[in-house]
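Structure record follows, encoded as structure tokens.
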Amino acid sequence: MRIGEGRRYALLQAGKDSDYVKKVYGGYFNVYVEAFGEKGEKWDLFKVYDGEFPEFSELHEYEGFVVSGSPNDAYANDYWILKLCFLLQTLDAMEKKVLGICFGHQVLCRALGGRVGKAYTGWDIGTRQVSFVKDLARCSYLEHLEEEMPASLTIIEVHQDEVFEVPQGAEVIASSDKTAVEMFAIANHILGIQGHPEYTIDILYNLIDRLLNMDLIKKAFAEDVKCRLQTEEPDRKCWEKICRTFLKGI
């Protein structure tokens, strides 16, 4: 699938569309393009979970890549995950912009030599306040936004895996009281974000219900998260601006 013309980007979708997201948004592809895309750009979709990958001979045509979230474990050895790791290593060597979200954050870390695994503290679902390091000078795209960025931002989280150790040469640029590596960066071409800057509250509510129906979380836990969400809002506009600024090379 392709949308638009002009500067070219790709979504490497690592999980199937839920029935809810297909019905309301037309698929996760539209959710990501709405959050990170801009008018005049061309966005391509590759369902990597289903074996769809960009041709290596065409990688140079892309300005940047986004790796989506997924219910799969980033440390698993499914063929498509191993192939995705090789693709990410190639993109890093080419110094192509790569933005990893949740699973994408974790698999990006793994591919480049870091360490990921099941979080010792269990699920993180809901909203979480993420605090940035004081010195953002190593990331020029964040330094560009520094004057308008607060010391912390609230983001939607849905994960039970996390990054334990970042790759050599990477910088941890944000953390929370739950997760030590909420964001990491390598130079100006790699950015991993553990949370979901693209998610809306309604997508989160539906996901909580699905996790509950699959017996992956307890009813009391789900109800507590939903109760807290009534008074908590993610800073979506700020997160979208961070991601767009990174991808566009501003």
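Every value quoted in this text rests on a predicted model; they were computed, and no experiment measured them.
Summarising the geometry, atom CZ belonging to F184 is positioned 8.0 Å from atom CG belonging to L191; distances are rounded to the nearest 0.5 Å. K22 contributes atom NZ, which lies 13.0 Å from atom CG of N30 (distance to the nearest 0.5 angstrom). Atom-to-atom distance recorded for E41:CD and R244:CZ is 8.5 Å, nearest 0.5 angstrom. With rounding to the nearest 0.5 Å, the separation of CZ in R236 from CD1 in I156 is 7.0 Å.
Note on ring orientation: taking the six-membered ring where Trp is involved, the planes of Y199 and Y28 are parallel (angle under 30°, cut-offs 30° and 60°).
Salt bridge annotation for E63-R7: present, with a cationic side-chain nitrogen under 4.0 angstrom from a carboxylate oxygen. Comment: D50 does not engage K16 in a salt bridge, judged by the lack of any side-chain N to carboxylate O separation of less than 4.0 angstrom.
Looking at E198, its side chain never comes within 3.5 Å of a backbone N or O of Y32 through a donor-acceptor pair. Put simply, the side chain of W80 never gets that close to the backbone of E52: no donor and acceptor are under 3.5 Å apart. K97 places a side-chain N or O within 3.5 Å of a backbone atom of N188 that can act as its donor or acceptor partner.
For L216 against W123, the heavy-atom pair with the smallest separation is O-NE1, 3.3 Å. In terms of heavy atoms, E233 sits closest to I201 at OE1-CG1, 4.3 Å. In plain terms, the two heavy atoms of Y9 and L247 that are nearest each other are OH-O, 3.4 Å. Considering all non-hydrogen atoms of both residues, S68 and F103 come closest at O-CD2, 3.6 Å. Nearest heavy atoms, L204 versus E157: CD1-O, 4.4 Å. Nearest heavy atoms, K178 versus T121: NZ-O, 2.8 Å.
For residues 200-214, the set of pairs meeting the side-chain hydrogen bond (donor to acceptor under 3.5 Å, both in side chains) definition, not counting sequence neighbours, comprises Y20-D202, Y25-T200, Y25-D202, T200-D202, N206-R210, D209-K226.
The side-chain contact (heavy atoms from CB on, under 4.5 Å) test with L99 singles out one residue from V66, L11, L108, I242, and that residue is V66.
Counting heavy atoms from C-beta on, the side chains of I155 and Q194 never come closer than 4.5 Å.
Residues F246 and F36 keep their aromatic ring centres 6.0 Å or farther apart.
In the hydrophobic cluster analysis, where Ile, Leu, Val, Met, Phe, Trp and Tyr join through side-chain heavy atoms closer than 4.5 angstrom, V107 is grouped apart from L82.
Summarising the local packing, NZ of K23 is surrounded by 12 or fewer heavy atoms from other residues, nucleotides or ligands at distances under 6.0 Å.
Checking D161 against Y75 by side-chain atom types alone, a donor-acceptor pair falls below 3.5 Å.
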**Message:** Set out, in order, the CA-CA distance, both residues' side-chain angles and the distance that settles ring-ring contact (aromatic ring centres under 6.0 Å, His included) for F46 and F65, then state yes or no.
**Reply:** CA-CA 10 Å; F46 297 96; F65 298 79; 8.1 Å; no
